[in-house]
K.L.:
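Here you go, one structure.
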Amino acid sequence: MKHEDYMAIALREAQKAFEIKEVPVGAVIVHEGQVIAKAHNQRELLQDPTAHAEIIAITQAASSLHSWRLEKTTMYVTLEPCVMCAGAIVLARIPELVLGAWDPKAGAAGSLMNILQDSRLNHRVNVTAGIGENECGAILKDFFVRLRGQGY
C-alpha cells in the first residue's frame with residue numbers, strides 16, 4: 001500500500017469523529033506493512049482532554065506490539081499533531097509521520113513549532129506532509145462551518 005492508501009484509512013477514522021460531533025481527526029499506525037492501530041478524536045465522548053486520535057492510536061499500537069517503543073512504525077494522521085501529540089510521538093520513538101493538513105494555529109510538526117525534529121531531543125521523526133491535504137482540510141472545514149452555524 002502507498003501513503004495515500006493509509007491516509008484514506010485515517011480519513012475514514014476522521015469521518016467517524018465527524019459523525020459523533022468530534023473534531024474530525026483520524027490516525028493510523030502501520031508496522032511492517034500492517035495496520036496495528038486506528039483511532040479518531042474522542043475528547044467530547046470521553047470528556048478527556050488527552051483523547052486525541054494520535055494518543056489513542058499510540059496506546060493501541062503499544063498494546064499490539066507489547067512495547068512502548070514503536071520502532072519500525074509509521075503514523076498517518078489527517079491533521080498536523082498538537083504539542084501533546086507530537087511529544088507522545090517522540091516519546092514513543094515513532095520514526096515516521098505522514099500528515100494530511102497543516103494546523104497553523106496549534107501544529108507542532110512544523111507550523112507553529114517543530115517538536116518532532118527538535119535537535120535538543122533524543123529522537124527525531126521524519127515527516128512527510130500534504131498527503132491527502134485537500135480531503136483532510138475539507139472535512140475539518142465542513143465540520144467547523146456546521147458547528148459555527150449549528151447546522152449539525
Side-chain angles (χ1 to χ4, degrees), residues 1-20 22-46 48-119 121-143:
M1 290 177 54
K2 299 184 296 189
H3 285 327
E4 292 80 8
D5 299 320
Y6 292 117
M7 188 60 76
I9 298 169
L11 268 166
R12 286 195 292 275
E13 287 296 313
Q15 184 62 42
K16 290 178 185 178
F18 186 98
E19 290 167 4
I20 60 171
E22 295 275 359
V23 175
V25 176
V28 171
I29 298 179
V30 176
H31 178 259
E32 298 180 338
Q34 298 284 39
V35 174
I36 60 168
K38 298 186 294 187
H40 54 276
N41 277 359
Q42 297 181 47
R43 289 188 311 170
E44 297 297 333
L45 177 70
L46 300 176
D48 179 353
T50 68
H52 289 203
E54 299 96 323
I55 301 296
I56 296 168
I58 287 170
T59 300
Q60 290 174 2
S63 180
S64 174
L65 295 177
H66 306 288
S67 177
W68 64 267
R69 290 179 181 91
L70 302 183
E71 299 164 341
K72 299 181 184 176
T73 64
T74 301
M75 175 182 276
Y76 294 83
V77 64
T78 58
L79 181 65
E80 179 183 5
C82 69
V83 171
M84 174 183 69
C85 293
I89 291 165
V90 169
L91 292 173
R93 308 297 195 266
I94 294 173
E96 184 174 6
L97 174 75
V98 178
L99 67 89
W102 291 103
D103 185 356
K105 292 183 179 178
S111 287
L112 187 62
M113 63 187 67
N114 193 348
I115 290 173
L116 299 179
Q117 296 173 336
D118 191 316
S119 62
L121 300 175
N122 67 343
H123 176 74
R124 280 166 255 350
V125 179
N126 294 321
V127 177
T128 302
I131 304 298
E133 184 172 10
N134 292 337
E135 298 90 341
C136 293
I139 192 171
L140 287 158
K141 183 177 179 182
D142 188 26
F143 175 81

K.L.:
Between the side chain of Q117 and the main-chain N/O of V125, is any donor-acceptor distance below 3.5 Å?
P.N.:
yes
K.L.:
Roughly how far, to the nearest 0.5 Å, is CD of E54 from OG1 of T59?
P.N.:
11.5 Å
K.L.:
About how many Å separate CE of M84 and NE2 of H52, when rounded to the nearest 0.5 Å?
P.N.:
3.5 Å
K.L.:
Drop me the distance from N41's CG to F18's CZ, to the nearest 0.5 angstrom.
P.N.:
13.5 Å
K.L.:
Over all heavy atoms of both residues, which pair between L97 and A109 is shortest? Give the atoms and the distance, please.
P.N.:
CD2-CB, 4.4 Å
K.L.:
Would I9 and Y76 satisfy side chain to side chain contact (heavy atoms under 4.5 Å, CB included), going step by step from the backbone distance to the final call?
P.N.:
CA-CA 9 Å; I9 298 169; Y76 294 83; over 6 Å; no
K.L.:
Between the side chain of D48 and the main-chain N/O of R43, is any donor-acceptor distance below 3.5 Å?
P.N.:
no
K.L.:
May I ask you to decide if A61's main-chain N or O and H31's side chain share a donor-acceptor pair within less than 3.5 Å?
P.N.:
no
K.L.:
Mind checking whether L99 and T128 have side chains closer than 4.5 Å, heavy atoms only?
P.N.:
no
K.L.:
Rounded to the nearest 0.5 Å, how far apart are CG of D142 and CD of Q15?
P.N.:
8.5 Å
K.L.:
Considering only heavy atoms from C-beta outward, does the side chain of V90 approach that of L116 to under 4.5 Å?
P.N.:
yes
K.L.:
How long is the gap from CD1 on I55 to CD1 on I89, to the nearest 0.5 Å?
P.N.:
7.5 Å
K.L.:
Within the distance-only criterion (no hydrogens, no angle test), does the side chain of Q60 pair as donor or acceptor with the backbone N or O of I36 below 3.5 angstrom?
P.N.:
no
K.L.:
Using only atom types and a distance under 3.5 Å, with no angle test, would you say the side chain of T78 pairs donor to acceptor with the backbone of L11?
P.N.:
no
K.L.:
Quick one: do K16 and E13 make a salt bridge, cutoff under 4.0 Å?
P.N.:
yes
K.L.:
Where is the tightest heavy-atom contact between D5 and M1, given as atom of each residue plus distance?
P.N.:
CB-CE, 3.4 Å
K.L.:
State the CD-CD distance between E135 and E133, to the nearest 0.5 angstrom.
P.N.:
9.5 Å
K.L.:
What's the shortest heavy-atom distance between M7 and G100, and which atoms?
P.N.:
CE-N, 3.5 Å
K.L.:
Before you tell me yes or no, could you show the steps for V98 and M75 under side chain to side chain contact (heavy atoms under 4.5 Å, CB included), namely the whole-Å CA-CA distance, both residues' side-chain angles and the distance that decides it to 0.1 Å?
P.N.:
CA-CA 6 Å; V98 178; M75 175 182 276; over 6 Å; no
K.L.:
Evaluate the side-chain proximity of E96 to H3: yes if any heavy-atom separation is below 4.5 Å, no if none is.
P.N.:
yes
K.L.:
Suppose we screen for side chain to side chain contact (heavy atoms under 4.5 Å, CB included). Which residues come up paired with L112, at least two apart in sequence or across chains?
P.N.:
none
K.L.:
Hey, mind stepping through L70 and I58 against side chain to side chain contact (heavy atoms under 4.5 Å, CB included) and telling me if it holds?
P.N.:
CA-CA 8 Å; L70 302 183; I58 287 170; 4.0 Å; yes
K.L.:
Within the structure provided, determine whether L65 and T73 are in side-chain contact (heavy-atom separation under 4.5 Å).
P.N.:
yes
K.L.:
Please give me the minimum heavy-atom distance between S111 and P104, naming the atom from each residue.
P.N.:
CB-CA, 3.8 Å
K.L.:
Excluding sequence neighbours, so at least two apart, what forms side chain to side chain donor-acceptor pair (under 3.5 Å) with S67?
P.N.:
none
K.L.:
Kindly give the heavy-atom pair with the smallest separation between L79 and W102, and that separation in Å.
P.N.:
CD1-O, 3.8 Å
K.L.:
Is E80 reaching over with its side chain to a backbone N or O of G110, donor-acceptor style, under 3.5 angstrom?
P.N.:
yes
K.L.:
Between I115 and A86, what is the shortest heavy-atom contact and its length?
P.N.:
CB-CB, 4.0 Å
K.L.:
Report the C-alpha separation of I131 and Y6 in whole Å, then their side-chain angles, then the decisive distance to 0.1 Å, and conclude whether the side chain to side chain contact (heavy atoms under 4.5 Å, CB included) test is met.
P.N.:
CA-CA 10 Å; I131 304 298; Y6 292 117; over 6 Å; no
K.L.:
K105: what forms a side chain to side chain contact (heavy atoms under 4.5 Å, CB included) with it, not counting sequence neighbours?
P.N.:
D103
